[in-house]
Amino acid sequence: MAAKPKLHYFNGRGRMESIWWLLAAAGVEFEEELFETCEEFGKLIQSGTLMYEQVPMVEIDGMNLVETRAIQRYLAAKYDLYGRNLQEQAWIDMYVEGLKDLSDMIMFFPLSLPEEKEMNLEYILERATTRFFPVYEKEFKARTSCIPTIHKFLQPGSQRKPPLDEGSIETVKNIFKFERGMFLKNMATIVAEY
Ligand SMILES: N[C@@H](CCC(=O)N[C@@H](CS)C(=O)NCC(=O)O)C(=O)O
């Protein structure tokens with residue numbers, strides 16, 4: 001029997017969220033190695049398995065797979081979730097890239113500067129409700145939660161991670177050594193619009 005994929009990440013949704021969803025949709029069992037501290041993340045880096053010293057990383061088929069999109073494409077192709085032809089793949093890519101735009105905003109929102117939180121929230125809500133939700137509601141709303149593997153993933157007690165709360169935000173900031181204002185300089189999403 002093939003070894004289960006092993007997921008390396010911190011104990012939160014972040015960039016691994018889409019990968020959990022993909023595995024859930026495929027009905028694939030997996031193991032997790034979730035680090036809680038900067039030291040544990042440092043050890044993972046020291047092991048030399050992270051190509052860019054970044055997570056998510058998925059151990060699968062003898063590879064240490066990094067880069068969220070590369071992981072998504074590999075898993076989708078491996079588990080037959082990446083369409084039957086180039087046109088279907090293009091549609092899947094369009095949905096995935098749009099969802100990434102939306103989920104990046106949501107992922108970085110808890111790290112907004114306090115004085116920009118309200119403004120960022122309004123911005124996310126406006127974009128979500130006018131641009132993204134209409135597409136997903138039209139295409140997926142009813143269908144998705146009926147898929148048995150997805151339904152199972154949405155039940156309490158699944159491997160789905162909860163959203164970040166005040167405590168886990170601090171943990172994430174410590175692991176990745178975030179500094180105040182850092183995202184204004186580095187991120188190309190909401191927080192950089194000034
Ligand atoms: N392009 C990469 C970005 C990965 C990334 O930025 N990961 C963060 C955690 S979510 C990280 O490992 N940061 C540590 C660092 O960059 O030093 C991907 O999509 O996987």
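Counting begins at 1 with the first residue of the sequence. Here the structure is a predicted model, which is why all the values come from computation and not from measurement. Order of appearance sets the numbers: ligands from 1, and atoms from 1 within every ligand.
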Under 4.0 Å from ligand 1 - residues by heavy atom, chain and number: Y9, R15, F41, Q54, V55, P56, E67, T68, F176
Connected via hydrophobic side-chain network under 4.5 Å: I19 and I92: no
With E67 via salt bridge (Lys or Arg N to Asp or Glu O under 4.0 Å) - residues at least two apart: none
Lys/Arg-Asp/Glu bridge criterion (N-O < 4.0 Å) met for K161, E17: no
Cationic tip of K141 above Y136 ring, under 6.0 Å, 45° of axis: no
Note: K4-E29 ion pair, threshold 4.0 Å (strictly below): yes
Stepwise side-chain contact (heavy atoms from CB on, under 4.5 Å) test for L50 and N64: CA-CA 7 Å; L50 303 180; N64 297 315; over 6 Å; no
